[in-house]
Amino acid sequence: MQQGIKIHTLKKIIIAIDGYSSCGKSTLAKALSKKLHYAYVDTGAMYRAVTLYFLDNNINLDDEYDVKNALEQLEVHFERIEGKNTTFLNGNNVENEIRSMRVSDAVSQVAAISEVRRAMVRQQKMMGKRKGVVMDGRDIGTVVFPDAELKIFLTAEPETRVQRRYDELKQKGESIDISEIRKNLSERDRIDTSRSDSPLRKADDALVLDNSKLNEQEQLEIALNWTLALKDSVTQGIS
Ligand code: DC
């Protein structure tokens, strides 16, 4: 990307990014939203916040009434704190807690519950109502915004994903065995792709981006080029 190129968005669009866990979806989504001056919505964080609430309140996942009631008691929103997208659950900053292994181990089971999905998808559709949004998750291009102007399906080699997750947790000071991460990712892949409600799959019209051998800048350039190629939506000019 040349320095000094300014992107003017004529008509705001929706960019949907889906893919397996730890593929770098949020890294790409954040960078894209920054470049385009779009909002960023991390839908995984929403499912994680719900999971944290369910764990802390001993919600029985098999009890429909319990689940419905809990969903009415919780509110998830995002705020920007020191330039970072931060997740709030019932007014409390839970950004760090939702990334813990305790939540990671339970989130796919919670995200497979139809009641939970319905509540989250409703909110996500509202968040994208005015377009100008980059949203990442598992069902954004298939269920939340099937008409999104740009759909990206991000992939990476399994071991690359394990290493990335390991580095991320280590950086946060969580001491964790790499084999535990391997187990967690493969279990989440299994549940995310095999659940009956909105399983993770590539939308037919999604563009596949394998970033195993790409750095953050390289993957951003590819995604930006795809965005700019949508000629009637976005134009570029030299500022
Ligand atoms: O992207 P992540 O790893 O933070 O997502 C956490 C979990 O939430 C993931 O295992 C599957 C689920 N999820 C989902 O089912 N649908 C989404 N749109 C986003 C996440």
Side-chain angles (χ1 to χ4, degrees), residues 14-30 33 40-55 61 67 71 74 76 78 84-87 89 94-128 133-146 148 151-156 158 160-162 164-169 172 174 176 180-203 206 211:
I14 291 179
I15 301 178
I17 303 180
D18 289 304
Y20 296 96
S21 304
S22 294
C23 269
K25 295 186 298 295
S26 65
T27 304
L28 175 61
K30 275 182 214 163
S33 66
Y40 162 56
V41 180
D42 173 356
T43 63
M46 297 170 75
Y47 289 98
R48 285 172 178 274
V50 171
T51 303
L52 179 63
Y53 184 92
F54 281 17
L55 288 172
L61 303 187
V67 168
L71 285 168
L74 63 89
V76 180
F78 298 105
K84 283 194 183 144
N85 201 53
T86 307
T87 314
L89 169 64
V94 292
E95 186 56 35
N96 286 334
E97 230 178 323
I98 60 167
R99 313 284 167 192
S100 65
M101 276 314 271
R102 179 170 81 106
V103 172
S104 294
D105 280 340
V107 65
S108 282
Q109 275 162 282
V110 172
I113 302 171
S114 290
E115 279 296 336
V116 172
R117 301 206 70 79
R118 259 200 296 276
M120 294 302 108
V121 169
R122 204 180 309 128
Q123 280 192 43
Q124 290 153 12
K125 282 182 189 281
M126 292 288 291
M127 290 170 173
V133 68
V134 184
M135 195 173 282
D136 78 12
R138 305 292 187 291
D139 59 343
I140 312 305
T142 51
V143 175
V144 183
F145 292 116
K151 299 179 187 177
I152 299 175
F153 193 82
L154 209 56
T155 64
T160 309
R161 296 162 52 208
V162 169
R164 284 179 186 159
R165 189 58 133 204
Y166 177 75
D167 293 344
E168 192 187 326
L169 289 172
K172 284 186 180 150
E174 258 201 68
I176 196 98
E180 224 183 296
I181 295 176
R182 199 170 285 123
K183 208 172 84 196
N184 172 262
L185 287 187
S186 87
E187 183 60 5
R188 280 210 281 151
D189 286 355
R190 190 187 65 73
I191 301 177
D192 294 346
T193 51
S194 65
R195 68 181 175 223
S196 59
D197 191 338
S198 332
L200 166 65
R201 67 168 184 84
K202 184 186 97 58
N211 66 13

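For ligands, and for the atoms within them, numbers begin at 1 and follow the listed sequence.
Each of S21, S22, S104 was evaluated against R188; a single residue qualifies, S21, per the side-chain hydrogen bond (donor to acceptor under 3.5 Å, both in side chains) test.
With sequence neighbours excluded, no residue satisfies side chain to side chain donor-acceptor pair (under 3.5 Å) with Y53. Evaluation of the side chain to side chain donor-acceptor pair (under 3.5 Å) rule for N96 yields no partner, not counting sequence neighbours.
One finds a salt bridge joining R138 and D192 here, because a Lys/Arg side-chain nitrogen approaches an Asp/Glu carboxylate oxygen to under 4.0 Å.
For atom 2 (P) of ligand 1, the nearest non-hydrogen atom from the set R195, E187, R138 belongs to R138. Of the candidates R99, R188, M135, the one placing a heavy atom closest to atom 3 (O) of ligand 1 is R188.
With ligand atoms numbered from 1 in the order given, ligand 1 contributes 10 (O) to contacts under 4.0 Å with heavy atoms of S108. Within the listing of ligand 1, atoms 17 (C), 18 (N), 19 (C) sit less than 4.0 angstrom from a heavy atom of G137. Near A111, with a cut-off below 4.0 Å to any heavy atom, the atoms of ligand 1 are 12 (C), 15 (O). Atoms of ligand 1 lying under 4.0 Å from any heavy atom of T43, numbered from 1 in the order shown and given with element: 17 (C), 18 (N), 19 (C).
Below 3.5 Å of separation, one finds no N or O of Y47 facing any N or O of ligand 1. Remark: ligand 1 and D136 share no N or O pair separated by less than 3.5 Å (distance only, no angle test). Remark: ligand 1 and D42 share no N or O pair separated by less than 3.5 Å (distance only, no angle test).
With hydrogens and angles disregarded, no donor-acceptor distance shorter than 3.5 Å links the side chain of D139 to the backbone of T142.
Between the CZ atom in R165 and the CZ atom in R161 there is a gap of 9.5 Å [rounded to 0.5 Å].
Donor-acceptor pairing under 3.5 Å is lacking for the side chains of D42 and S26. Counted by atom type alone, E95 and T86 present zero donor-acceptor pairs between their side chains at under 3.5 Å.
The protein heavy atom nearest to atom 18 (N) of ligand 1 is D139 OD1, 2.8 Å. The protein heavy atom nearest to atom 4 (O) of ligand 1 is R48 NE, 2.7 Å.
Taking a 4.0 Å cut-off on heavy atoms, R117 registers as neighbouring ligand 1. Residue-ligand proximity: Q124 is placed with every non-hydrogen atom at 4.0 Å or more from ligand 1.
Other residues, nucleotides and ligands place no more than 12 heavy atoms under 6.0 Å from the NZ atom of K183.
With a 4.0 Å cut-off on non-hydrogen atoms, M46 does not touch ligand 1 at all.
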